Every structure is written in C-alpha cells, then in structure tokens.
Peer 1: 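Have a look at the structure that comes next, please.
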Amino acid sequence: QGVVDAARAALPEATRQSGTLKVATSLQWAPFDYASESGEPVGIDISLMQLLAAKLGLKAEFEDLKFPAIIPGVQAGRFDVGVNQFDVNDERRKIVGQLPYFNSGYGLLVRKGVTGIDVNNLCGKTLALTQGSAQIAIAEKLSAACVAASKPEIETTFYPDSADTYLAVANGRGDGFLTARAVGVYISKGNPKLELAPGALSGMNSISGIIVGKSNEGLYKALLLAMKSAIADGSYAAVLDKFGVADGALTLEQIEK
Amino acid sequence: MNSIPLNADRASRMTAPNTDEPLVRCENIWKTRGHNLVLKGVDLKADKGEVVCLLGPSGAGKSTLLRCINAIELADRGLVHVDGVPIGCTLRNGTYVRLTESQLSRQRADIGMVFQNFNLFPHMSVLSNIIDAPMRIRGETRAAATERAHELLHKVGLSEKAGSYPRHLSGGQQQRIAIARALAMQPKLMLFDEPTSALDPHLTDEVLDVIKGLAATGMTMIIVTHEIQFARDVADTAAVMSDGVIIEMGPARDVLSRPTDPRTRTFLARSLPDHQQQAV
Amino acid sequence: MNSIPLNADRASRMTAPNTDEPLVRCENIWKTRGHNLVLKGVDLKADKGEVVCLLGPSGAGKSTLLRCINAIELADRGLVHVDGVPIGCTLRNGTYVRLTESQLSRQRADIGMVFQNFNLFPHMSVLSNIIDAPMRIRGETRAAATERAHELLHKVGLSEKAGSYPRHLSGGQQQRIAIARALAMQPKLMLFDEPTSALDPHLTDEVLDVIKGLAATGMTMIIVTHEIQFARDVADTAAVMSDGVIIEMGPARDVLSRPTDPRTRTFLARSLPDHQQQAV
Amino acid sequence: MSARLAMDTKGPSAAMSKAPEIVDPPRFGRWIGVVLVGGVMAWIVFQVLTNPGFQWDVVGRYLLNAGVLKGVAMTLQLTVIVMIVGLLIGIVVAVMRMSGDPLLIFCAHAFVWFFRGTPVLVQLVFWYNLAALFPAIEIGIPFGGPKFFEIPATVAISSFTAALLGLGLNEGAYMAEIIRAGLLSVDNGQTEASKALGHKPWQTFWIVVLPQAMKAIVPPTGNQVVGMLKYTSIASVVALYELMHSVELIYSRTFETVPLLIVAALWYLFLVSILSVIQYFIEKYYSKGWHRQDDRGV
Amino acid sequence: MSARLAMDTKGPSAAMSKAPEIVDPPRFGRWIGVVLVGGVMAWIVFQVLTNPGFQWDVVGRYLLNAGVLKGVAMTLQLTVIVMIVGLLIGIVVAVMRMSGDPLLIFCAHAFVWFFRGTPVLVQLVFWYNLAALFPAIEIGIPFGGPKFFEIPATVAISSFTAALLGLGLNEGAYMAEIIRAGLLSVDNGQTEASKALGHKPWQTFWIVVLPQAMKAIVPPTGNQVVGMLKYTSIASVVALYELMHSVELIYSRTFETVPLLIVAALWYLFLVSILSVIQYFIEKYYSKGWHRQDDRGV
Ligand SMILES: Nc1ncnc2c1ncn2[C@@H]1O[C@H](COP(=O)(O)OP(=O)(O)OP(=O)(O)O)[C@@H](O)[C@H]1O
Ligand SMILES: Nc1ncnc2c1ncn2[C@@H]1O[C@H](COP(=O)(O)OP(=O)(O)OP(=O)(O)O)[C@@H](O)[C@H]1O
Ligand SMILES: [Mg+2]
Ligand SMILES: [Mg+2]
C-alpha cells in the first residue's frame, strides 16, 4: 500500500517533517482500542489509524490517555488526532474536527446454537442488560413500540456489569444481550458459549469520527484523502473485515458529510 | 493570715482517739517503673484527720508512692487500703483482682491529688478547671460549684484569675489553682506532691493555713514536701523515705528535730537547729 | 558536701573592684503579657561575678524579667544590656531596632537559663540534652562535651541517669538535669528560675555549692528563688520584686535580715529571725 | 489593652515614655516581596483571564447549569455523610487501638490495614456487586448450615449505600490514624490528672484528651474533608452522579473539556474556601488557652 | 527486667513475696471475643476463597503478569518521588505559615488553598496541556513585553513531569497542613528552651520541634503515602501506567473485571503492609522517651 501523494501533500508541514502521526486514545474499549496481551495497542480504531498513517507516509504513534485528557490534548496540539469511538454530532463539530470512519450498530448476543431470534423483533423476549448502560433506554423504546403495536412487551433483567451479563446469558438466563455489534463480535470470538445473532438493530446506529484539531484543516483534508484512497483500494474494508465488522463500513458520501 | 498559728491545735488532734482502722494503710508496696525497682516494700498509714508529711531525697519514690495510693499507678505487689477498702483491686476468691478503669474512677473521686507539675487542663479556664469535676462527677449544680470555686480561689489569693487560662499564669499561680482544683472535689483524702514548691514564703503560710483548716474538718492528708519548716508546722506525723523504703516514721516533732536514723540526720542536716544557729 | 561553707568567701568577692560597666543592666523595662502589664519599669544590675537573688511574691513578674533578660521575650520598652551590649536589639540611626532570631540566638548562647518548669527535651536522653547544644553551638567535639556532661552529672548526683529519658526521672532529678544542661554551655551569665524548688534540703545544699563554685570562676548569676535561707547563703545582692517593680535591692545580708520596705518585711515575715525563734 | 489604656491615664506613663522603645527594623525585603508576589499573582490572573484556551464564556454558561448544581449537591451530601461515618468509625477504631487490650488492638490494626490498604474503587465495586459474589445477604449458620433470613443483595445495596460503605469504611480507617496521632500528642500528665479527679475513662477521653488532641487532629481532618470532597467522584463507578461526573457528562457530549474542568475546579475551590473558613474557626476554638498572646517568632 | 532479676536473687525477695500480688481478672469476655473475631474472620476467608465469583485461578494467572509488575514499579516510583516532593514543599509551606511574617503567611495560605482546592485531575490536564494555554514557557517581561527565552511547553512537560507537578504540588499542600498540625502540638516551652540554649531558628526547628512533632505527623503522613499509592492511578489520565491502569488494560480486553481488581487490591494490600511496618518502626523511633513503660489503660 503506497503513500497517497495528494494526501501527503495536504499535510501540515510540521507533521510531514516529523514523520509520525501522534494519536491519542484510551485503550479500554475493546474491540476498538485495547491493549494486546503483549501490551501493544490493537483494535479496529488502531488498525484504521495505522492504515491511514501509512497512506500519509507517516508512522502512527499511540498514546494511552483517559477521556478527559484526549480532547484537550488534541486541541493543545500535543496530539495530531484522537480516536476512541467518539460519536460524530454537530455540537461536537463546533469544538473539534471529526472525520467519520465507522458506523456502529447494535446487535444481539445470544447463547451458541440458539436460532430464530430477530434483533428487529424482540417483542416478548427477555433481554439481559447491564445496569446504567445506554441499551436500557433502547430496550424501553423498543418495548414501548411493541406495546403500541399491541404485541407483548420486552422483559428485561439487569446485571451489575458487562462481564456478569455475558455470564448470565451464557448460563441460559434471558434470551440475549443487546450490545454494540462490534463488541458482540469480539465477545463471541473469545467466549465459546456466545455468538452474535445475524442482523443489526435498524434505525439505531451512530457514526464514529476521528478527532482533529479545529484549526488543523490541512490534516483533516489529508486524512479525508487518505480515507478515500483506502475505501477505493479496499484496504478500509479489509481492516473491518479482519475484525468481523464489515457491515460497519461507511460509504464515501457518509464520510464527506 | 500572716501570723502563723502555732502547733497548739495539733497536739489536741494527736490525742484524739485513733479509733480502729487507719484511713490509709499501705502494706508492703512494691513497684517497678521501667527498669527501676522504685518502691521496695513501703508501709505507711494515716489515721482519719491526720496530716502525714513524707520527706526524703529526690528520687526516693515519694511521688511514685502517692501515685500508687490513688491508683494512678498500680503497685506490682502489696495493698493500699483507704477507708478499709483496697484500692485498685478487690478480693475475689482469695486473690486480689484488678478493678476496671471505671470502677477505679469511683475510688479516685474520693482521693484528691495535687501533682508535682500541676497538670492543669490547658484548654479550660481556671474556673472550668475547678468546677468541671464537681459538676460532672459529684453532680453538683454549676451555681454551687462556681460558688465554692470562688471561695477556694479567694483562699489561694487568685480571685481575679478565674477567667484566665493556665498558660497565662505564673508558676506559683498554677500551683495554687491545682490545689484549689483538688480541694473542690471535697475528697476524704488529699495527696499533695510538693504543694508549695513554687510558692513564696508568704503563700506557703497561706497554704499552711488552708491545710490546717482542712485538717480541722477531719480531712486526712499526705503531703510530700522538701520544706522542713513547712513540715514542722503542718504535720502530725513525719515519714522519711529513702531509696524506696520508709526509713523513719513518727510524730513530726520528734522525727524532724531528733531523727534517729543516720540517713535522716544527714538529710535533715541543713535544717536541724544546730545547723541553723550556725548559718543565720 | 554536706557541711555548708559559710559566707566567708562571699565577703571577699563583694569587696572586689566593681570595675566599670555591670555585666547585666536592665533599665526601665516595661512588658505587657496578654492583658496584664507585668513589668512596670524594672531596673536591675549585676556586676561580673555577682550573684543576685530575685525574690518576691508569686506573680510579681520574676520569671518574666528573666525571660526578658535573655530575650526569650522582648520587652515592650526599656533596654537590657549584657556585657555592655543591648540584648534583643541594636542601635541604628538613633533608634533601637529588633534583631532577627538568628542574631538573637548568638546572644542567647552566652546566657544560660534554667526554666521554672525545666523544659527538658523529652525526645533526647539526659546525656543528649546536655551535650547537644555545646556540640552544635559551641562546636565542641562529642568527646569533650560528653566528658564535661559526665562531670556535671556527677556534680548534681545523677551520673547513673545519663542514659535515661527525662520522662522517667523524678521532679528533682529533672530539675538537676536542667541545671546541668544550662551549665554545659559555659555561659557568662546564668539565669536560674527557682532552681531548687523540687529539691530536698540536701540537694539544695549541693546546688548551693555548685553555684558558689561557679561564682568563684567569675560567672554572673541571677537567681529567682523562694527559699530565703538559700538566698542568704548564696547571694551577694538581693532584689525584691513586687507587682512589676523592684521594691528593694541591696547587699543580701541587709535586705534579707533588715528589710526597709514594709512590703519586703511582710513578705519575709516568716523567715525573719524573730519569727524563726518563735516557730522552731 | 486595658493595661495599655491604664498606662495612658495613670501614673506609670511618664516613667514608661522615658524608656527607649524597640522598633521592628524596616522590612525593605518584605516590601519587595509584597510587590513581587503581587506582580506574579497579577500576571497569573491576567494570563488566565485573557487566555482564549480557558474559554471563559463556556465556563460562565455552565457554572450554574442545573446538572452541575445537582452534582454539587450530591458531592456535598456524600461528603458530609461519609465524613460523619468516617469520623465515628475513626474515633472508635483509634480508641480501640490505644485501649491496651490485645484483642481490640488486633481488630483495630486489621481494620486499618484492610480498609486503608484496598483501593476504594475495588471496595465500591465489591459492595455494589455483592450480588454477583454473594447472591443474597443471608443470616444463618455458616459453612453450609440452615439460613434464617435473606435479602437479595442487589436490592439491599443501592448505589448510595455502596458509596457510603466503600467511602465510609475507607475514611474511617484514615480518620482512625489521624485521631490516634492527635491522642498521642497529648501529654500523659493530662490523662493522669483527669483520672485523679475521678473522671471515668470516657470522660477522660471526651473532656480532657480529645479537646487537646484537636489541635493536631483538625488540620489533617480538614485535609480529609477536602480530599473526600474531590474523592467522591470515584462514586461515579457505582452510578452516583456528583460534581465531577456532572461535568464529565457535559464535556463528553460537547467536548468542551477544559472549560468544564474549570467549572468543576471553581466549584471545588469555592467549597474548599468555605471549608477552610470553617476549619479556621474550629482551630481557633480549640486553640483557646494555648495561644501566647504576646509571642513572636516560631 | 534487671530489677526483676535482682528481686529473685537478692535480699528483698523474701519480703516481697509476702506482699499479696494483684492479678488481672479472668477475661472471659476477651476469650469469647477472640473466638468470635476468629470465627468471623475464618468465615470471611472461607467465603472469599470458595466463592467462584472471585475467580482465583484468573487472579493467580495475572498476579505476576509482566504488565502488572511494570505497573507496580511505576506506582512505587511515582509514590516515592511525589511524597518526597510533597514532604519538602509541605515543610517549607508549614514553616512559612507559622513564621509570623504576614507576607509568608499569606503565600502559604494561598498555596494551600489553591492546590488543596483544585482537583488533581484538573491540575494534571492543565500541566500536561500547558501548551494549549501558553504555547511556550517564556521568560520575559510580562503584559506584552519582550521575551528573552522560550521553550515549547509540549516539549518541556512530559507525562512524568506533569504527574509530578500535579501530584507533588497537591501533596505539598496536604502535607503542609499535617506538618503544621504536628508543630502546633509541640509545647511552646520546648521552643523557648531551645532558644535559650542559643539554637538558631532552623536548629530549633530540626532538633527540637520537628522530632517531637513527628509523633503527630507520622500517622497522617502514613495515610498520605497509602493514599498516594492508590491515588497515583489518576496519572493514567496523562499516560502514565501504574498498577491500576495495568489491570484496567487487561480487564478491558478480557472482561475479567473482578479477578483483576482483586489482583490490584492484593498488590496494594501488599505494598500497604510493607508501608505499615515501616510506619511502625518510624513511630517507634520517634516515641523514644515518651513511652511510660509501665502504663496501663488509655
Ligand atoms: N517511668 C519511669 N521509668 C523508669 N524509672 C522511673 C520512672 N519514673 C520514675 N522513675 C525513677 O523512680 C525513682 C523514683 O521516682 P519518684 O518520682 O517517685 O521520686 P520522688 O521521690 O518523687 O523524687 P522528687 O523529690 O525528685 O520528686 C527515680 O529514681 C526515677 O528516676
Ligand atoms: N501569657 C500571659 N498572658 C497574660 N498574663 C500573663 C502571661 N504570662 C504571665 N502572665 C501574668 O504575669 C504575671 C507575672 O508572671 P511571672 O510568671 O513573671 O510571675 P513570677 O514572679 O515568676 O511568679 P511565680 O513566683 O509564681 O513563678 C502573673 O500575674 C501572670 O498571671
Ligand atoms: Mg516527686
Ligand atoms: Mg515564675
């Protein structure tokens, strides 16, 4: 995979000179950003950033921070970009530049071998959920829709943290666990008792973006060009495929938005 | 107050019937402090209303003995009886068993003590130092306690210092407050550890008067002192302690003027009449 | 040590030429502590080698005066000169300006002080209490300091307590250590605040000997005491203080035996010869 | 003061005015210092106020935001309750530790060791998830005996209870050490004098020893309160939303991290200022009788 | 002891043995207590060891994991350095606060107020990103005057420096209060005696006052060290990998949260145990001369 000259040309002079793309992330969000057993940063975000950096003729360098330090770090110019599955929205775009790179949808994690469950038709089923998670609100919304359509409502049981929830579902409590699809894929790989039911929850997804400094338009443009090239040559899809989340790929229009 | 009453009234007290049990009876008290064997079998008794002066060289164990009498420290061996009751322990199945701290506190409330270094409560005003214990332990009303406190302060000549804090008093003033604090509890036995060490001769006389007044009310007192003259004036009985034992004990007049023990003679040398004639 | 040397040698000292400037000169010292005006224009002087006893009722301001002399407290007004140098301040452009603490510390090193309540350092052994300052401030070697410390301990009869901690000593033992600690610095002026209050008559005599020995070496001493007999034995000059002023000062023999001020007479009443005859 | 008045009206004043007065040396150094410190402070304030990075407009917008105010309220509430719990536990444990009874000393040691030694986060997660570990709180004969009574732990342990348990026990262990240090600093003679008067052990403790220990207890306790004020933020792991969490919620939505951290910092500074004033008065109260009104220097 | 020996060999022993001995009452209560405490502890240990929720096999697997060990090392290193910095700052600020000089008192107050009052998180983010706020550290005339010298702040402030500044200044403010409390607890007579001997102010402080203050300083300082040990985890916000972060990295990959938290807790307990032993010996050292060897009771 060669360097995309146009993209490299768009880079700010200093970045090009330095030869590295400094990436701020927080390695506590498998499978997007996490540390491998040997301590190397790995994950969907990480691989994508490595891909883009290569296209820019740079070497990606990751720094493992916590959320409160990522945005100020990018704003301060300490880092070129930040990735940590940050959702794109207009409010945020006023503060920082966000280059969309992933479409995250919800899926259902079920016990291995269970079939005949449809993510988009959960009425009457029992969902295992983690206390305080965003999925609770989604389940409530879906349940309300069921009731409105005079179908049986969705039952829910709560567990204190994700690990407990997985354990519960694996042990046969509840019909499934509503989770981000990418997470579901990751879990089902590591956990022999669980698998991800096919399909994604329709109408409930969010676009993640790479954080770039608001004033760093050159870098934004360079990344956009690199991204286009990656989509064009299939390397973008390849990366997502490697993690089993090819359906999270964005189209060109979505990225340019 | 300045003219010193002579020992007239004491003689009469001495002849009063020494009925039965003495008020204080220390029997064969042994006490180790740190690595030092400080008390080596002390015997001491004081009848009700008797004033006993305890004399002896520095480090003889006088303070330690007083501390054992009111169970601030517990003797290793030997018993102290006050008013017939063993202090710090109780007889149970033939062995003497230590009391708990709160049982001890009841015994101590009846035994007043003036410490050698005063130990006033620095966070309380002089008045609070004096009235606190009577109110809390004797359950007196604030008014009653305050009234007696003022009386006592007047007696020791410190009426105007009621609102001061101990830290703002001179050494002699602190010592007098310590005396007033102990007296406010109206104990049946008073232990004074060098109550006049920081006092000038004039105040020493006033303390003398106070002690005599108390003796007249029947209070028993054990007084550690280094002032032989004071001991002569105040004591019925004198006990001389040396190196952890009482080496001589008897009527104050005899012991202090015609001591039999050679150690006592050496100790008293300076204040014995023959010397005084020589020095003055 | 027990036979008391009489005042023979003192007379000779008294007649020695009182050359020029006295070693200590307090002029018109005023001092407020808290809300109390404690010193009200005190004048006091002590020649080199002179032993001055300061007497007076409790609360008269004796301790406060001593504290002003070595600048532990600074007088509000009035000057203390020691060896011709003003203490705690220096003349600059016609006004007296306070010294900084570290300048003060140099002045204080030459003035020894024994506190009324000893103030030994509880975290140091007796030996360390004594040798620390000579080593640090005088720059003596440990060996030299230790040697003198042992000498001093021997003098005050506490050789075997060198390794003890102050907390484990009796009152009188602590007081003697405090004296030894101050002497170890070999100051040119010693201030004693009731140095024998916790001592028995025998030890009082020994301290007397120590003080006389020091006086013979030319050390000047100001001694606050309540023991008239002691003052008679030790002092060249006696000063009587009352309510913040010196009311009488003169040769000890005269002041203590034939006081002119009526307040002094009252104060000394108990120890004046006529009284003694009566009491003994 | 009354003495000074007396001087001006009564006799001694004449004699006194003749005595030379001793004045403080002119402190040029101090004036230079004041100017320097003032200058540096002015510069910092100037920099901070004019620096666009701080986004003061955003700070202003969120300072009184309803969510932030709710967070402040929760922070205060949690801090107060936890400190009370911690103080009580601390007193009990410190007294146990100094009681002289080997069993009590052992228990006190074990308590301090364990609760000071394990991270609060772990304790919080543990209490909150007691359910996962012990599905129910049961009263019965252990080691497999019959059970008399049980409550499902998820019901019993609410977020608030978990936070209270985790933070309170932890704080208790810390306070125990602080109180013990204070008690150690009180002269033994005071205890003896109190005993000699006939005070019961608890009276000796409350009336004589503790009030004197307060001088050494109050400042580190102030530290603990201030620390706890900020440390309550850890409670967000068990879904309790205090000040820090309330600003996190905002900046993780809007990405205005720096100004929102400043909002939190300003609130903490404000609360700490109030606390410092309270601490000052408590210290003043307990230093009654200690102050040498006329002391100079160290 | 020697005295006791003496009794057995020399004269007094005969007279002494005639004196009745006073014995402690049989403490049935204590034995019941011992059994109870022992029982409860055994039960807790039993529960914890047998409970599958703790996943002891996972704990065992990660206890000596290289990442975890690296985290432990960093935690120790950071704690030691921060405490040293904090202690030095604390002594200076405490002495300033008690110096009697109004300017120094003001500065000390301001320091404590500010650094105790702002959350460490904010301070860390601030130091780490000094660049955003002040693009370069410059030495020059402020308010727009010429600049003599500048370093780009992003270069100057590394993760470690930021953590050191943030945690060290914060710790300094806390230690200042603790040391002040200790100094307050020392009797004024000690200072006076020291001055009277001719000690210079700093000698008075180091030789006389501080050693006596240590009794009241050591236990809360122990608290601070233990607290800091765990609080260093906040440094992970600026990319410093200490113990807590090292286990977070693992459990966010494997989702084995509880056992990994236990790994961290065990390590902290281990480190705190070592610290407690050190604290014990320091306390013993500084209580020389205070202990009444024969005291009983409170
Ligand atoms: N805690 C202790 N540890 C070791 N030795 C001690 C302790 N307390 C006192 N001693 C020793 O016990 C002896 C007796 O002490 P005590 O205080 O009873 O003497 P005293 O007769 O009151 O003397 P003084 O007249 O000087 O007050 C002294 O030699 C002293 O050094
Ligand atoms: N810090 C203070 N604040 C207010 N008043 C004080 C303070 N210190 C001492 N005083 C008062 O000053 C007066 C003189 O005290 P000082 O200690 O000098 O007396 P003294 O002559 O040494 O008496 P004594 O013989 O009892 O030791 C006393 O009345 C005392 O109450
Ligand atoms: Mg004694
Ligand atoms: Mg005095």
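Note that the structure is predicted; figures quoted are calculated from it, not measured.
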Peer 1: So, taking the atom named CD in A/E91 and the one named CD in D/E256, what distance separates them when rounded to the nearest 0.5 Å?
Peer 2: 7.0 Å
Peer 1: Taking atom NZ of A/K189 as the centre, report whether more than 12 heavy atoms of other residues, nucleotides or ligands fall under 6.0 Å from it.
Peer 2: yes
Peer 1: Are more than 12 heavy atoms, taken from residues, nucleotides or ligands other than D/F114, located less than 6.0 Å from that residue's CZ atom?
Peer 2: no
Peer 1: How about residues 245-255 of chain D versus chain A: which residues have heavy atoms under 4.5 Å apart?
Peer 2: D/Y251, D/S252, D/R253, D/T254, D/F255
Peer 1: Ignoring hydrogens and angles, write down the donor-acceptor pairs under 3.5 Å from the side chains of residues 204-218 of chain A, residues two or more places apart or on other chains.
Peer 2:
residue, atom, partner, partner atom, Å
A/N205, ND2, A/N103, OD1, 3.0
A/S208, OG, A/Q85, OE1, 2.9
A/K214, NZ, A/R93, O, 2.8

Peer 1: Could you pull out the closest heavy-atom pair between A/P68 and D/T257, with the gap in Å?
Peer 2: O-CG2, 3.2 Å
Peer 1: Crowded around D/R61 CZ? As in, over 12 foreign heavy atoms under 6.0 Å?
Peer 2: yes
Peer 1: Take a 6.0 Å sphere around CD of D/Q55 and say whether it holds more than 12 heavy atoms from other residues, nucleotides or ligands.
Peer 2: yes
Peer 1: Count the heavy atoms of every other residue, nucleotide or ligand shown that sit under 6.0 Å from NZ of A/K66, and state whether that count exceeds 12.
Peer 2: yes
Peer 1: For A/E37, look at atom CD and say whether over 12 heavy atoms of other residues, nucleotides or ligands are found less than 6.0 Å away.
Peer 2: no
